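As the structure is a computational prediction, the values presented were derived from the model and not from experiment. Throughout, protein chains are lettered first and strands after them, A, B, ... in sequence-line order, and every chain is numbered starting at 1.
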Amino acid sequence: MTYSHKKIELKWQNHWNDNKIFAASDKSDKPKYYILDMFPYPSGSGLHVGHPLGYIATDIIARYKRHEGLNVLHPMGWDAFGLPAEQYAIKTGTHPSITTKENIENFRRQIKMLGFSYDWDREINTTDPEYVKWTQWIFLQLYNKGLAYESEVPVNWCPELKAVLANEEVVNGKSDIGGHPVYRVPMRQWMLKITKYADSLLDGLDDLDWPNSIKELQRNWIGRSEGANVNFKLPLLNESLTVFTTRPDTLFGATYMVIAPEHPLVEKLVSNEQKSAVKEYSEEASKKSDLDRTELNKQKTGVFIGEYAVNPVNNKKIPIWISDYVIMSYGTGAIMAVPGQDQRDYDFAKKFDLPIVRTVDTPENFEGEAYTGNGPAINSGFLDGLYIDEAKNKIIDWLEIEEKGKRTVHFKLRDWLFSRQRYWGEPIPIIHIQNKIKPLDEDELPLLLPEVEKYEPAGTGESPLANIKNWVEVNDSNGNIIGLRETNTMPQWAGSCWYFLRYIDPKNSLKPWSNDKEKYWMPVDLYVGGAEHAVLHLLYSRFWHHVLYDLGHVTYKEPFKKLFNQGMILGEDGTKMSKSKGNVINPDETVDMYGADSMRLYEMFMGPLDKAKPWNTKGLQGCSRFINKLWNIIIDSNGLLSHKVSIIEADKETLKLLHQMIKRVTKNLDQLHFNTCVSEFMVFTNHLHSLKHININCLKSFIVLINPFVPHLAEELWNSLGQTNELSFVKWPIVDNKYLISDEISIAIQINGKRRSEILIPINISKEEVLIRVKSNKIIIPYLLDVTIIKEIYIEGRIVNIVVK
RNA sequence: GCCGGAGUGGCGGAAUUGGUAGACGCGCGCGACUCAAACUCGCGUAUCGAAAGAUGUGGGGGUUCGAGUCCCCCCUCCGGCACCA
């Protein structure tokens, strides 16, 4: 009888659902296993087949861990604040909460149809008032610890989106979403002091079981660099110009200085003759978007400001220039230029004919311009002869003694711009009372969004909330206005910064989570999601978690012990799936036609989880064939258990293959190598197909092995065998090595490393005996005539290599 | 430019971590079933060659009895960062 995926899949999904098979117990003697998916933003277009790839993988591991006897927490929820719902609201007037609700329902339906073993009682939604309450509560913890502050900062203003974007949301001077131009405009914003945690975030990476690439990405993003701040006296002003340098050893070669056009000292230092030139240049620079600044990086530009600074090591007066190759937001916004040792400075010096002094001796054959390699110091007074590291230490010591500078560490990481001028986000729980800031009390939370008529932000860049007078104005009991609410909302990252903590105690109305439960479930044992969140979500949530750790709200510093990034599923044409290309594969159709199990199996079979790979419907059909084949081996044409299945003992070969499969599948699952597990199932199924009798115990073990991958099929087969115990908790089969050993083994014979033949030998015979057999092998004999044997190598059970001359 | 990763049949990909390269699936070819097709089943399928054999894991060198795997140089592709001082 053909396998009816529709009927069978629905049947078992109902069984799991109705009996709450996958509810995680907060009180259990079993060891815990917390396996987490990056929860989705429920978009209007629903899932395509690439989205659930990671969910399939985690579901397989979740089910596998249950078979291994662990108490598994495997939750799902919705990251439901976000721009698309708001854009839609602007266009149609539909409240984002309505769109969001519809989208969530569609996503939930799609995810459920794949038969995942989530504990749906723990489902969360970041827009839920109960959830918003605790997101705001965490914000207040940050605020009270001095990690949230207001600042007038040049922000990335995108007129098209009418929103201010975080640096991370701007790519090459354009908005990450939509690709619209972005400009620098000063605006009052809320910032989070993530820079205070730079070292903590950097150090925490070391012990994490994360892909190396992601750790490196985060390290680069944090961008720690060691060096010194050096003070250059300004004769004009009786103050100093401080620069940050990682090469204080080259100080004798600093022949000029460059400061950012926005640097506050520009105005004080500029000479009368240069005033107009400097002003013109500064204005040009401020108009440039980040895109322009990077595009123009080929030619150096700049203007002399007409004033000098004094090099602290030799008291020489050196000119100060402004140039946009120095940016205000890194270091001190000023550099000492060492053209002999820095290519950028070299280019600038050449262009404007400034002096170049080498301070590191170049190798004999050196032909380049600036020399950045190591070598003994020259032209550097008391540093001469020292190599870079020694020279650095010596000069820093000298600077510190002379009080002309000090050892300093700088980070690329900047504070996190945390406010958005948007409606559909968590309101920031702050009241402004006459230039003072008053955070809400905990019992005033959640501060919910008011109803608005227009979702369009005010043209000034203020959030639409600014127009809702009776929400913005906070009155006392007499109706007097005592303050104004903050109208900025939080960015979408806020909700995802801590959702994994809420899953462990999703219904707690007194606290965001109970400490006992947090201690039991955290940290997340395995976190699977796309690599696109490498620096944003993963850095932000680590930051919040570090803060919560310092405040004593969580037990472990790092939230995600092991991280894995699934790759992308490309369209059949090998390019990224997109509506515009028309190569999107819809999971609804796929599941309807082939069933959830086929789709699960195929996505795992396609290739390594972390690689990008193209979809191929033929490949999916192959997996569907496999499921039918296995079904037809076990179930006869009347829909009954095949007469082949019996208690007749399995032959040696079958037992060997079975245990080999158990061994390999277990190992491969531990390494998240799902594709090779599927191969193993196919090999074993091909073997079953050739058998006259199938031992029921072997079959039972096999069904447990395939259950994580194709749970509906497995449940139905399990049921067909007359099993009444809950398959999901049946013990994972154990390898018995005695079945893996056969009496005979095939080994290869090489002559001079070239494979010439192979022979079957009894296991455990000596090297001498093997060689006797090898040398009497018909194919080998001719190779040994008229030659001298130099060496005979025997690797037990693998290979014989005879080296001849 | 810098950081990270990858290059294996017609395609997706395996390879016990230095030991028989190409498992498994797709595709393709031949055959069986069928009036026919689909499904299903059987056999075959790295390349060249009639065969013996030779060649073969991006290219070039090296270490080794033996290299897809280790070392050096180079090329290509993907991801990230990019005047970060």
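In this structure, CG of A:N801 is placed 15 Å from P of B:U64, rounded to the nearest angstrom. Atom CZ of A:R414 and atom P of B:C81 are 13 Å apart (whole Å). To the nearest angstrom, P of B:U40 lies 13 Å from CD1 of A:I633. In this structure, A:H533 atom NE2 and B:G79 atom P are separated by 17 Å, rounded to whole Å. Counting to the nearest Å, the P atom of B:U40 and the CG atom of A:N632 are 10 Å from each other. The nearest whole Å value for the distance from the CD1 atom in A:I761 to the P atom in B:U20 is 14 Å. A:E603 places its CD atom 16 Å from the C1' atom of B:G13, with the value rounded to the nearest Å. A:K611 places its NZ atom 16 Å from the P atom of B:G4, with the value rounded to the nearest Å.
Here the CE-CG distance, from A:M336 to A:L251, works out to 4.5 Å after rounding to the nearest 0.5 Å. Summarising the geometry, atom OH belonging to A:Y794 is positioned 11.0 Å from atom CD belonging to A:E768; distances are rounded to the nearest 0.5 Å.
The shortest distance between the side-chain N/O atoms of A:K618 and the OP1/OP2 oxygens of B:C26 is not below 4.0 Å. An OP1 or OP2 oxygen of B:G12 is reached within less than 4.0 angstrom by no side-chain nitrogen or oxygen of A:N675. Between A:H687 and the phosphate of B:C24, there is no side-chain N or O to OP1/OP2 separation shorter than 4.0 Å. Within the structure, every side-chain polar atom (N or O) of A:T676 is placed at least 4.0 Å from both OP1 and OP2 of B:A23. The phosphate of B:A23 (OP1 or OP2) has no side-chain N or O of A:N686 nearer than 4.0 angstrom.
For A:K791, whose side chain is taken as the heavy atoms from C-beta onward, the closest listed nucleotide among B:A85, B:C65, B:G19 is B:C65. Comparing B:C41, B:C3, B:C24 by their nearest atom to the side chain of A:E216 picks out B:C3. The A:I793 side chain lies nearest to B:G19 when the options are B:G19, B:G27, B:G4. Distances from the side chain of A:R755 to the nucleotides B:G25, B:U20, B:A85 place B:U20 closest. Relative to the side chain of A:W221, the nucleotides B:C81, B:C41, B:C65 differ in distance, and B:C81 lies closest. The listed nucleotides are B:C83, B:A85, B:C81; the one nearest the side chain of A:K300 is B:C83. Nearest nucleotide to the side chain of A:K613, out of B:A85, B:C3, B:G12: B:G12. The side chain of A:M682 lies closest to B:C24, out of B:C24, B:A85, B:C65.
Between the A:Y602 side chain and the A:N616 main chain, a donor and an acceptor come within less than 3.5 Å of each other.
An anti orientation is assigned to B:G5, its glycosidic angle lying beyond 90° of 0. In this structure B:U17 sits in the syn conformation; its chi angle is within 90° of 0.
Taking atom P on both B:A23 and B:G9, the two are 13 Å apart, rounded to the nearest angstrom. Spacing of P atoms, B:U69 relative to B:U64, comes out at 16 Å, to the nearest Å. With both ends at atom P, the span from B:G10 to B:G22 equals 16 Å, rounded to whole Å. Straight-line distance between the C1' atoms of B:U76 and B:C39: roughly 44 Å, to the nearest whole Å. Distance noted for atom C1' between B:A46 and B:U57: 11 Å (whole Å). Comparing B:C3 with B:C72, their P atoms are spaced 14 Å from each other, to the whole Å. The separation of B:U17 from B:U8, taken at their P atoms, amounts to 23 Å, rounded to a whole angstrom. Separating the C1' atom of B:A51 from that of B:A36 is a span of 41 Å, rounded to the nearest Å.
Here B:C48 sits opposite B:G53 as a Watson-Crick or G-U wobble pair (both hydrogen-bonding atom distances under 3.5 Å). Across every strand in view, B:G79 sits in a pair with B:C3 that passes the Watson-Crick or G-U test at under 3.5 angstrom. Look at B:U34: it lacks any Watson-Crick or wobble partner with both distances under 3.5 angstrom. Pairing for B:G10 goes to B:C26, judged as Watson-Crick or G-U wobble with the two contacts each under 3.5 Å. Across all strands shown, B:C70 pairs with B:G62; the Watson-Crick or G-U wobble distances both stay below 3.5 Å.
Within 4.0 Å (heavy atoms only), A:P608 reaches sugar-phosphate atoms of the nucleic acid but no base atom. Nucleic acid contact for A:A337: none, since no nucleic acid atom lies under 4.0 Å from a heavy atom of the residue. Using a 4.0 Å heavy-atom criterion, one finds that A:G622 contacts the sugar-phosphate atoms exclusively. Heavy atoms of A:N616 sit under 4.0 angstrom from primed sugar atoms or phosphate atoms, though from no base atom. A:H673 comes within 4.0 angstrom of no nucleic acid atom, judged by non-hydrogen atoms across all strands. A:R219 comes within contact range of no nucleotide atom at all, as no heavy-atom separation falls under 4.0 Å.
Counting only N and O atoms by type, the side chains of A:E216 and A:N212 include no donor and acceptor under 3.5 Å apart. A donor-acceptor contact closer than 3.5 angstrom links the side chains of A:T575 and A:N583. A donor and an acceptor atom, one from each side chain of A:N229 and A:T242, are nowhere located under 3.5 Å apart. A:N668 and A:T676 share a donor-acceptor pair across their side chains, judged by distance under 3.5 Å alone. Side-chain contact annotation: A:Q341 with A:T359, donor-acceptor N/O pair under 3.5 Å present. Side chains of A:R756 and A:Y783: a donor-acceptor N/O pair is present below 3.5 angstrom, by distance only. In summary, the side chains of A:H5 and A:S598 do not present any donor paired with an acceptor at a separation below 3.5 Å, with no hydrogens or angles considered. Counted by atom type alone, A:T617 and A:E572 present one or more donor-acceptor pairs between their side chains at under 3.5 Å.
Judged by distance alone, with hydrogens and angles left aside, A:K412 brings no side-chain donor or acceptor close enough to the base of B:C81 to form a pair under 3.5 Å. In terms of polar N and O atoms assigned as donor or acceptor, the side chain of A:S679 comes within less than 3.5 Å of the base of B:A23 in a complementary pairing. Looking at A:R798, its side chain has no donor and acceptor atom pair within 3.5 Å of the base of B:U20.
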Do any N or O atoms of the protein come closer than 3.5 Å to N or O atoms of nucleotides 54-58 of chain B, and which pairs are they?
unit_1, atom_1, unit_2, atom_2, d
B:A54, OP1, A:R756, NH1, 3.4
B:A54, OP2, A:R756, NH1, 3.1

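When ring centroids are compared, A:F348 and A:W321 come within the 6.0 Å threshold.
Comparing A:L217 and A:C623 by the nucleotide of RNA chain B that holds the closest heavy atom to each, the one mapping nearer the 5' end is A:C623. With the nearest nucleotide of RNA chain B identified for both A:V683 and A:T332, A:V683 has the one nearer the 5' end.
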